[in-house]
Q: 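Below: one structure in structure tokens.
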Number of protein chains: 2
Amino acid sequence: MTRPPETQTLPIEAPTERPTLRTVAQATGFSVATVSRALSDDPRIALKTRKTVAEAAERLGYVPDRAARRLRTGRTQVVSLLLNTEHEFLGFTHEFLSGITEVLRGTGYSVTVVPDDIGEDRLDLVRNIMRNNLADGILFTRTECFDPRARLLMESGFPFVSHGRTDFTTPHAWVDFDNEAFARQAVERLVTKGRRRLSLILPEDRFSFTQHLRYGFLSAARAAGIEHEIVAGVTLDSPTPEIAEALRESRRGPTPPDGYICVGEVTALVTMAALVDTGATPGIDADVVAKRASPIFDNIRPRIETVFEDLRATGRAMAEMLLRRMAGEPPEDLHILFKPGQPDWNGGA
Amino acid sequence: MTRPPETQTLPIEAPTERPTLRTVAQATGFSVATVSRALSDDPRIALKTRKTVAEAAERLGYVPDRAARRLRTGRTQVVSLLLNTEHEFLGFTHEFLSGITEVLRGTGYSVTVVPDDIGEDRLDLVRNIMRNNLADGILFTRTECFDPRARLLMESGFPFVSHGRTDFTTPHAWVDFDNEAFARQAVERLVTKGRRRLSLILPEDRFSFTQHLRYGFLSAARAAGIEHEIVAGVTLDSPTPEIAEALRESRRGPTPPDGYICVGEVTALVTMAALVDTGATPGIDADVVAKRASPIFDNIRPRIETVFEDLRATGRAMAEMLLRRMAGEPPEDLHILFKPGQPDWNGGA
DNA sequence: CAGGGGAATTCAAACGTTTCAATAGACCAT
DNA sequence: ATGGTCTATTGAAACGTTTGAATTCCCCTG
């Protein structure tokens with residue numbers, strides 16, 4: 001091995017500049033190119049060299065400059081999370097985001113949060129990210145049956161994972177909760193409790209999970225041969241006062257519902273409030289089964305029956321999948337359907 | 001003005017590469033340097049030229065490459081939000097983040113979320129961001145009286161805004177909620193309702209807002225000459241079962257509290273549950289005043305009295321301040337103390 | 001008409017990587 | 001010695017900006 005001419009005459013520089021490849025190169029006597037290759041474990045570099053370089057880099061505290069790498073390779077080391085900021089989610093955002101960052105920590109990827117409100121052109125958002133190279137991958141929620149974002153991303157071959165399935169035939173990576181099973185289970189639980197007139201408020205029609213909920217609800221209710229209604233005129237995203245009014249309205253009839261299935265936590269609270277406000281007693285005159293994502297329901301009295309959707313695990317799964325997609329793995333087998341689980345009653349009283 | 005030699009002989013290229021400064025330069029006949037300066041409205045460039053260039057850039061859909069700019073200038077156009085992922089905040093994260101992104105949208109800055117859990121060395125996190133140039137500014141929450149992150153950032157002159165004040169004498173930018181006033185108001189409201197034995201659960205001692213709450217609570221309670229206790233052995237961050245147990249325990253005495261001040265939403269629910277579970281009726285045997293950040297309390301029955309902390313506005317304010325800090329404004333006058341407001345009862349029943 | 005001054009523009013270097021193509025040895029077989 | 005093959009390393013260009021210094025051009029003054 002050719003030892004380089006002695007360039008390192010100055011022993012220590014006081015202000016301790018941030019080390020670059022050049023610093024490491026000078027310290028080890030190799031060229032910048034070799035150091036770069038050594039650090040990426042390029043097999044063309046002698047093993048011994050790789051070790052030397054790795055040690056020097058460690059010792060000097062070398063960390064590659066993201067901007068430079070990004071400029072050179074075109075890869076941003078960034079993942080964008082499209083986040084709806086208009087609606088109320090209680091624990092949703094927090095848990096979901098926690099799961100994502102948990103997985104991404106230490107991978108060198110960072111998450112940027114991009115507000116994604118129905119108001120503007122959500123497609124432009126995605127286009128902007130792709131075109132201007134703002135991220136290597138995208139995560140989004142509130143997936144629609146024929147989600148235009150998914151379509152665009154698929155056409156471009158851009159890595160993404162959706163929270164929720166689509167109806168496209170081309171496969172893509174997704175993570176979803178089995179809302180059909182949830183609805184079915186909820187119906188069964190209410191039926192078991194002797195409830196005969198079930199009520200459900202659905203999300204907006206364009207979301208794919210709306211279809212799953214509807215199907216699960218309708219088929220289970222029909223199978224059980226009981227009365228059932230899907231509350232008209234409001235959706236999960238309606239302002240809570242409207243939802244409350246719709247619920248109270250539906251209770252004014254001669255035979256009001258005696259079993260409620262709530263897909264969101266807020267809706268569950270609204271439902272409970274509507275019951276109380278119309279003179280009914282939850283647990284006596286009607287039962288409520290709710291999907292819950294946060295532990296708050298442990299502390300609601302009277303207790304509500306809940307089915308747990310683990311959003312932190314969802315975030316984790318989506319981040320892991322996105323990593324695999326960005327590493328080039330085909331989307332064919334990248335999906336997870338979370339089954340409704342029991343809440344982790346770690347003693348919630 | 002010297003018209004350049006005709007370089008643009010090829011009229012249209014099919015694959016439509018992403019335009020760079022060079023593209024715009026070629027299209028206008030100016031040099032890359034001029035185009036760059038023109039786009040940044042450099043007064044040295046003739047006004048007419050600036051206009052021409054701006055138009056061409058617009059027409060071609062030119063957007064500066066962030067990586068290149070970042071490499072050259074050292075500025076990242078990124079803001080890091082240090083987010084605690086361990087604790088439960090209900091609407092906190094969502095509202096806060098929404099406020100931040102709302103302000104940052106269109107400024108060219110993006111937000112990255114960095115998990116900041118007490119477990120690891122939170123200082124290293126900050127050091128890492130500064131050293132490796134991962135952001136131009138930092139936002140963080142859960143500020144401590146002598147917050148080491150704040151100290152480090154101040155020493156380095158790195159732009160940041162904290163959610164919460166510190167006890168340092170050197171000024172820095174912060175946004176805070178007047179928790180002292182909140183505690184005081186809460187005491188007064190309970191006293192007005194005839195409550196004589198007040199109870200409060202505080203956050204961990206090291207947080208600066210804990211001191212404000214304590215002071216407000218103690219001084220108001222003493223002024224009113226009524227009994228008061230700060231629940232021992234648990235904090236706001238304790239697991240909810242522990243909080244619940246502590247509350248039930250405190251109700252076992254001969255004269256249990258009849259007025260509760262809850263600093264968090266979860267705690268408020270736990271308190272309500274503890275009351276019910278020990279046979280007391282909220283609103284009759286005891287009253288609860290809670291700080292609320294999300295609208296869910298509109299839908300809790302019986303209704304709780306709440307004081308609203310607008311976290312979306314807090315996020316907005318912090319983002320705005322950070323922009324000003326990053327633009328070089330000194331921190332002297334950059335602080336906002338949000339006064340406890342009335343909840344925006346837009347009709348919640 | 002030399003040359004000073006100012007306005008407008010351009011040149012070229014630099015930021016820190018990655019990577020293609022080239023080079024330098026070493027070893028082996030002719 | 002000559003050439004070939006293989007391994008280990010290096011030189012240099014490129015990614016798209018920004019910016020200090022240089023250049024060009026024109027007008028004006030003496």
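Proteins get letters first, then strands, A, B, ... in listed order; numbering begins at 1 in each.
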Q: Starting at CG of B:Asp65 and ending at C1' of D:dG16, how long is that distance when rounded to a whole Å?
A: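 Whole-Å distance recorded here is 6 Å.
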
Q: With A:Arg127, which residues qualify under side chain to side chain donor-acceptor pair (under 3.5 Å), at least two apart?
A: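 A:Arg127 satisfies side chain to side chain donor-acceptor pair (under 3.5 Å) with A:Asp124 once adjacent residues are dropped.
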
Q: Which atoms of nucleotides 20-23 of chain D (N or O only) lie under 3.5 Å from a protein N or O atom, and what are those distances?
A:
unit_1, atom_1, unit_2, atom_2, d
D:dG20, N7, B:Arg37, NH2, 3.0
D:dG20, O6, B:Arg37, NH1, 3.2
D:dG20, O6, B:Arg37, NH2, 3.0

Q: Could you state the atom-to-atom distance from CZ of B:Arg66 to P of D:dT17 in whole Å?
A: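 Rounding to the nearest Å, CZ of B:Arg66 and P of D:dT17 are 13 Å apart.
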
Q: Tell me: CD1 of B:Ile45 to P of C:dT10, nearest whole Å?
A: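 Going from CD1 in B:Ile45 over to P in C:dT10 covers 8 Å.
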
Q: Could you tell me which residues satisfy salt bridge (Lys or Arg N to Asp or Glu O under 4.0 Å) with A:Arg325, sequence neighbours excluded, listed by chain and number?
A: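 Result, salt bridge (Lys or Arg N to Asp or Glu O under 4.0 Å) vs A:Arg325: none returned.
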
Q: May I have the distance from B:Leu60 (atom CG) to D:dG16 (atom C1'), rounded to whole angstrom?
A: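 In whole Å, D:dG16 C1' and B:Leu60 CG are 16 Å from each other.
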
Q: Rounded to the nearest 0.5 Å, what separation is found between the CE atom of A:Met326 and the CD1 atom of A:Ile138?
A: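 Taking CE in A:Met326 and CD1 in A:Ile138, the distance rounds to 11.0 Å.
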
Q: Are any protein N/O atoms closer than 3.5 Å to N/O atoms in nucleotides 13-15 of chain D? If there are, list each pair with its distance.
A:
unit_1, atom_1, unit_2, atom_2, d
D:dA14, N3, A:Arg72, NH1, 3.4

Q: Are B:Thr20 and B:Asp65 close enough that a side-chain donor and a side-chain acceptor fall under 3.5 Å?
A: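 No, no side-chain donor-acceptor pair sits under 3.5 Å.
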
Q: When the distance from CG of A:Asp42 to P of D:dT7 is rounded to whole Å, what number comes out?
A: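 Taking atom P of D:dT7 as the reference, CG of A:Asp42 is at 13 Å.
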
Q: Using the closest heavy atom to pick a nucleotide of DNA chain D for each, name whichever of A:Ala46 or B:Pro19 lands nearer the 5' end.
A: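 Looking at DNA chain D, the more 5' nearest nucleotide goes with A:Ala46.
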
Q: Between A:Arg149 and A:Asp116 (salt bridge meaning N to carboxylate O under 4.0 Å), is one present in this structure?
A: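 The answer is yes: the pair qualifies as a salt bridge.
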
Q: Would one find a side-chain N or O of B:Ser31 under 4.0 angstrom from OP1 or OP2 of C:dT9?
A: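 No, outside the criterion.
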
Q: Quick check on D:dT9: is either OP1 or OP2 less than 4.0 Å from any side-chain nitrogen or oxygen of A:Thr49?
A: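 So the side chain of A:Thr49 is within the cut-off, an N or O lying under 4.0 Å from OP1 or OP2 of D:dT9.
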
Q: Rounded to whole angstrom units, what separation is found between the CG atom of B:Leu39 and the C1' atom of C:dT9?
A: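 My rounded result for the distance is 15 Å.
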
Q: OP1 or OP2 of C:dT10 less than 4.0 angstrom from a side-chain nitrogen or oxygen of B:Thr34, does that happen here?
A: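 So the side chain of B:Thr34 is within the cut-off, an N or O lying under 4.0 Å from OP1 or OP2 of C:dT10.
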
Q: Check the distance between C:dA7's P and B:Arg50's CZ and give it to me in whole angstrom.
A: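 One finds 13 Å between P of C:dA7 and CZ of B:Arg50, rounded.
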
Q: Considering residues at least two apart in sequence or located in another chain, which fulfil the side chain to side chain donor-acceptor pair (under 3.5 Å) criterion with B:Asn133?
A: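 Counting only residues at least two positions away or on another chain, B:Asn133 forms no side chain to side chain donor-acceptor pair (under 3.5 Å).
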
Q: Rounded to whole angstroms, how far apart are CG on B:Leu21 and C1' on C:dC11?
A: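 It works out to 15 Å between those atoms.
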
Q: The criterion is side chain to side chain donor-acceptor pair (under 3.5 Å); which residues satisfy it with A:Ser80, sequence neighbours excluded?
A: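 Side chain to side chain donor-acceptor pair (under 3.5 Å) list for A:Ser80, sorted by chain: A:Thr112.
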
Q: I need the minimum non-hydrogen distance between A:Pro19 and A:Gly61, along with the two atoms involved.
A: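 What the structure gives for the nearest pair is CG-O, 3.7 Å.
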
Q: So, A:Thr166 versus A:Asp147: side-chain donor-acceptor pair below 3.5 Å or not?
A: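 No - no donor-acceptor pair under 3.5 Å links their side chains.
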
